[in-house]
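Before any comments, here is the structure.
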Protein chains: 2
Amino acid sequence: MELGFIRIHILHHTAIEPVYGSEFQAELKRHGYEIAFGTLYPIFHRLEKDGYISSKKENVKGKIRKYYNITEAGIAILKQANVKANELVAELNEND
Amino acid sequence: MELGFIRIHILHHTAIEPVYGSEFQAELKRHGYEIAFGTLYPIFHRLEKDGYISSKKENVKGKIRKYYNITEAGIAILKQANVKANELVAELNEND
DNA sequence: TGATATAATATCGATACATGATATAGCTTC
DNA sequence: GAAGCTATATCATGTATCGATATTATATCA
């Protein structure tokens with residue numbers, strides 16, 4: 001799978017702590033990425049279906065949250081994406 | 001426009017030297033990105049239509065090449081993308 | 001000359017992904 | 001038990017990507 005900025009952010013974040021959709025949308029916004037729920041939730045579903053993250057439902061004051069954590073497979077492609085991102089940045093900063 | 005890795009590579013490269021499609025596909029492949037002509041050419045067209053690159057046809061041994069160069073507007077969004085890419089990489093390398 | 005080869009760009013129909021709007025779920029509180 | 005709240009899910013439409021096929025403009029060579 002070819003990972004874009006959003007998916008890399010998701011995998012990176014789920015590697016640090018459990019993440020749920022609604023809060024994560026706000027987090028992305030703080031970083032300057034506006035993403036619709038209609039985009040974000042299907043991305044989570046797809047990443048889970050492909051085995052890169054796993055979910056656990058939790059009941060917080062009557063609101064169900066679905067916390068996602070990265071899996072081993074997720075860590076693996078995140079590393080690849082990390083390499084690609086570093087290469088890109090190195091190249092961009094080369095000819096300044 | 002939200003720029004992904006491919007578009008950033010295109011803008012960066014056209015900022016350095018004139019670029020044409022077929023050769024650039026090979027260049028991307030060297031960097032580990034496989035992109036179909038059916039994807040690449042429409043991306044060039046769209047970037048040109050939006051004013052981020054401009055083209056000039058050139059006849060090389062009977063084969064027409066369309067060389068693209070970045071425009072002022074292209075330089076501007078490339079800078080923005082550069083900032084985003086640097087932020088991403090900084091974050092990725094934070095918690096190692 | 002004119003048939004064939006070549007390198008490149010362009011386009012097409014099918015599939016996949018993103019979007020904004022709307023619906024659903026599960027508790028709490030009054 | 002109705003209303004409110006937070007969160008997730010889904011839907012119809014629009015946009016992007018793909019692999020395959022068509023088109024273009026010359027060069028080469030019989």
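We name chains A, B, ... by the order of the sequence lines, and we start the count at 1 in each one.
Atom CD in B/Glu23 sits about 15 Å away from atom C1' in C/dT9, given to the nearest Å. Atom pair B/Ile43:CD1 and C/dA10:C1' shows a separation of 15 Å (rounding to whole Å applied). Spacing between atom CG of B/Leu28 and atom P of D/dC18 amounts to 11 Å, rounded to whole angstrom units. Rounded to an integer number of Å, the gap from NZ of A/Lys56 to P of D/dT8 is 15 Å. The nearest whole Å value for the distance from the CZ atom in A/Phe24 to the P atom in D/dT8 is 12 Å. Atom OH in A/Tyr68 sits roughly 11 Å away from atom C1' in D/dA7 (whole-Å rounding). One interatomic measurement links the two molecules: NZ of A/Lys49 to C1' of C/dA16, which rounds to 11 Å at whole-angstrom precision. Between A/Gln25 atom CD and D/dA9 atom C1' the separation is 14 Å, expressed in whole Å.
The nearest heavy atom of DNA chain D to A/Tyr67 and to B/Thr39 marks one nucleotide each, and the one closer to the 5' end goes with A/Tyr67. Residue B/Glu34 is the one, among B/Asn59 and B/Glu34, whose nearest nucleotide of DNA chain D lies closer to the 5' end (criterion: closest heavy atom). When each of A/Lys61 and A/Leu40 is assigned the nucleotide of DNA chain C bearing its nearest heavy atom, the one mapping closer to the 5' terminus is A/Leu40.
In this structure, CD on A/Glu94 lies 7.0 Å from CD1 on B/Ile16, to the nearest 0.5 angstrom. Expressed to the nearest 0.5 Å, how far NZ of B/Lys66 lies from OG of B/Ser54 amounts to 11.0 Å. To the nearest 0.5 Å, atoms CD (B/Glu91) and CG (A/Asn82) are separated by 11.0 Å. One finds the CG atom of A/Leu78 at 8.0 Å from the NE2 atom of A/His12 (value rounded to the nearest 0.5 Å). Atom CG of A/Asp50 sits about 10.0 Å away from atom OG1 of A/Thr71, to the nearest 0.5 Å.
Applying the 4.0 Å criterion to OP1 and OP2 of C/dA10, one finds that B/Lys66 has a side-chain N or O inside that range. Of the side-chain N and O atoms in A/Arg7, one or more sit less than 4.0 angstrom from OP1 or OP2 of C/dA18. At C/dC17, one or more side-chain N or O atoms of A/Arg46 fall inside 4.0 Å of OP1 or OP2 (strictly under the cut-off).
Closest to the A/His45 side chain, of the nucleotides D/dA7, C/dG26, D/dA9, is D/dA9. For A/Ile64, the side-chain atoms get nearest to C/dG26 when compared with the rest of C/dG26, D/dA9, D/dA16. Candidate nucleotides C/dT19, C/dA8, D/dA25 were compared by shortest atom distance to the side chain of B/Tyr20, and C/dA8 ranks first. Relative to the side chain of B/Lys63, the nucleotides C/dT9, D/dA25, D/dT10 differ in distance, and D/dA25 lies closest. For B/Ile35, taking side-chain heavy atoms from C-beta onward, the closest of the listed nucleotides C/dG26, C/dT9, D/dC18 is D/dC18. Candidate nucleotides C/dC17, D/dT10, C/dG26 were compared by shortest atom distance to the side chain of A/Pro42, and D/dT10 ranks first. For A/Ala36, counting side-chain heavy atoms from C-beta on, the closest listed nucleotide (D/dG19, C/dA10, C/dG20) is C/dG20.
Residue contacts shown for A/Phe44 are absent, as no nucleic acid heavy atom lies under 4.0 Å away. Contact annotation for A/Gly21: backbone-only contact, meaning every heavy-atom pair under 4.0 Å involves sugar-phosphate atoms and none involves a base.
If you check D/dT8 for Watson-Crick or wobble pairing at under 3.5 angstrom, you find it paired to C/dA23.
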| request: Carefully, step by step, assess B/Asn59 and B/Ile64 under the rule side chain to side chain contact (heavy atoms under 4.5 Å, CB included). | output: CA-CA 5 Å; B/Asn59 209 309; B/Ile64 287 174; 4.3 Å; yes

